[in-house]
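Before any comments, here is the structure.
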Amino acid sequence: MKVLVVGGGGREHTLVWKISQSPLVKKLFCAPGNAGIAKQAKCLDIEASDIDKLVKFAEKEKIDLTVVGPEAPLVDGIVDRLAERGLKVFGPNSDAALLEGSKGFAKKLMARFNIPTGTFQIFSDADEAIEFIRDMGAPIVVKADGLASGKGVTVAFDEETAMAAVKKCICQGAFGRAGHRVVLEEYLEGEEVSVLAFTDGKNVLPMPASQDHKAIYDGDKGPNTGGMGAYSPAPVLSDDFLKQIEKTILKPTIDGLRKEDCEYRGVLYCGLMMTESGPKVLEYNVRFGDPETQVVIPRLKSDIVPILLACADGELGKTKAEWTDEAAVCVVLASKGYPGNYEKGKPIEGLDKASKIPGALIFHAGTATKNKKIVTNGGRVIGATALAEDIPAAIKRAYECVEAIHFENKYCRTDIGKKALARLGNKR
Ligand code: AMP
Ligand code: GLY
C-alpha cells in the first residue's frame, strides 16, 4: 500500500521510521518531511498546512492511508476533505479536533461527562475575567481558547500576571482569534504525565505513559517549549493508574463525543496532572505528542500500520499492541535561542557516529539538506533517542548520542529523566 505522512518534525520522523518497517507498505511519502525523513520516505514540497495540495496529491497518487502529524491541519479539516473523496486517513475530523482546537469546548465536554479536571470559567469579556481573578486570587491559570502554538497558557502565581495574560489575549489580540476567549482554570499541583491512546471512536487502546519536559531550562525553569525531551515508561504512573485513566478519562471522553454524534478516530493525547486527589486532565491534544512519540513508538513491537488502519476503519476492537519492557529516553537538541529567535543553516556533524551507539535512534526535527550537507533548520533540531533495559541505562545512552552530535549553538537540557530517577530511587 501507499502511505502519506503529513508533517516534518521529530514526531513525523518517528512515525515514518516505524511505518517504513511494515511489510504492508510499498511506497511511503512525507509532506514536507526533513533531512532524516528523506532517508526513509519520499519528501514532497508541500507544507503540512496546504490542505488543497495534500488532497490533490493523495487523490492523484491513490494514497491508501494518510497519517496526519500536526494539529493545525486536523482542526482545519484535512480529515473531512480526504474522507469526502473516499480516501482513508488516520486522525480526527474537524468536529472532533475541537478537543484541541478549543480549550473551552474541551472543558465543557469534561464537565458534561464528569471527567476529572480543574474547575474553570470561560470569558470573552476582559473586565469580567479580571473580576473573576480578583475573586479567585492566585495561583490561577489563563488559557487562550484556540490554537496558539503552545504559547497560549500562563500559569500565574500572582493576580497581576493573570490579569496581564487576559489583557494580552482579549484586548491586545496577541493570539488573534484564538485569544478572543479565555479559559480561567484552577491551578493544579503534582507531576505531569502524558497518556496517548489509539481509538476508533468506540474502543481505546492506551499506549504506555510518557513524560515530557516542557520548560527550556534544567529544573523545569524558563519559558515553555514544544518539549525538550521525554521518557517512557513514566514511573509516576503505575499500571493501576493507567487502568483508572482508561476508565475515568479516555473511555468517557470518546463515549461522550460519540453520544454527541462526534466519532473520534485517531490518537487521543491526554496531558494529565497527577494530583493528590488522582489524575486530572490539563489538556487534550488530537495527535501524537512531540517528543512523546519519539519514546513511545520505539517501544511498540507490533506493526503500527494495521493499528492505524483499524482506527481509521472503526475496527480497533480486535486489535492488540505488543510493547517492549525496554525504556526509551529522548533528549532534544535545539538551536540556542529557542523558543525565541535562533539561527538556522548550521552544519550538523556526528549523526552517523551517534546512530552507531547501541540502542540509538536519531530522529530529525528541524533539519534540511544544503549543498549535500545536513544543516539545522528549526528550533528543535534532533531528538537524540535511545532504547535500553531501564531508564537509567537509556538516559546514559541518549546523552552519549548528545555528545556525539555537534552543531554551532547546540543547546539541550542536561536533566532529562531525572524525575524518573528520583522516583525509581525512592522505590528502592
Ligand atoms: P496546556 O497547553 O494546557 O497543556 O498547558 C501547558 C502547560 O501549562 C502544561 O503542560 C502545564 O505545565 C501547565 N498547566 C496547564 N494547565 C494547568 C493547571 N490547571 N494547573 C497547573 N499547571 C497547568
Ligand atoms: N509535547 C507536547 C505536545 O506534543 O503537545
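As the structure lists them, so they are numbered: ligands from 1, and atoms in each ligand from 1. Here the structure is a predicted model, which is why all the values come from computation and not from measurement.
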Review point. Near ligand 2, which residues have a heavy atom under 4.0 Å away from one of its atoms?
Key: Asp212, Lys214, Gly226, Tyr269, Asn285, Arg287, Gly289, Asp290, Pro291, Glu292

**Study point:** Heavy-atom side-chain contact between Thr66 and Leu54 under 4.5 Å
**Key:** no

Point to revise | Tyr217 and Tyr411 aromatic ring geometry - parallel, tilted or perpendicular at 30°/60° bounds | key: perpendicular

Point to revise | Sequence neighbours excluded - salt bridge (charged side-chain N to carboxylate O under 4.0 Å, His left out) pairs with any residue from residues 260-278 | key: Arg112-Glu260, Glu263-Arg265

Review point. Quick one: are the ring centres of Phe29 and Phe57 less than 6.0 Å apart?
Key: yes

Point to revise | Contact residues of ligand 1, where a non-hydrogen atom lies under 4.0 Å away | key: Lys103, Val141, Lys143, Val153, Val155, Glu185, Glu186, Tyr187, Leu188, Glu192, Lys214, Asn224, Met273, Leu282, Glu283

**Study point:** Pro306 side chain reached by Thr319 side chain, heavy atoms, under 4.5 Å
**Key:** no

Practice item. Taking atom NZ of Lys320 as the centre, report whether more than 12 heavy atoms of other residues, nucleotides or ligands fall under 6.0 Å from it. Key: no

All N/O donor-acceptor pairs, side-chain side in residues 134-143, below 3.5 Å, sequence neighbours left out:
residue : atom : partner : partner atom : Å
Lys143  : NZ   : Glu185  : OE1          : 3.2
Lys143  : NZ   : Glu185  : OE2          : 3.3
Lys143  : NZ   : Leu282  : O            : 3.0

Practice item. Determine yes or no for a side-chain-to-main-chain donor-acceptor pair under 3.5 angstrom, with Lys18 supplying the side chain and Leu300 the backbone. Key: yes

Review point. Can a salt bridge be assigned to the pair Lys301 and Asp325 using a cut-off of 4.0 Å between side-chain N and carboxylate O?
Key: no

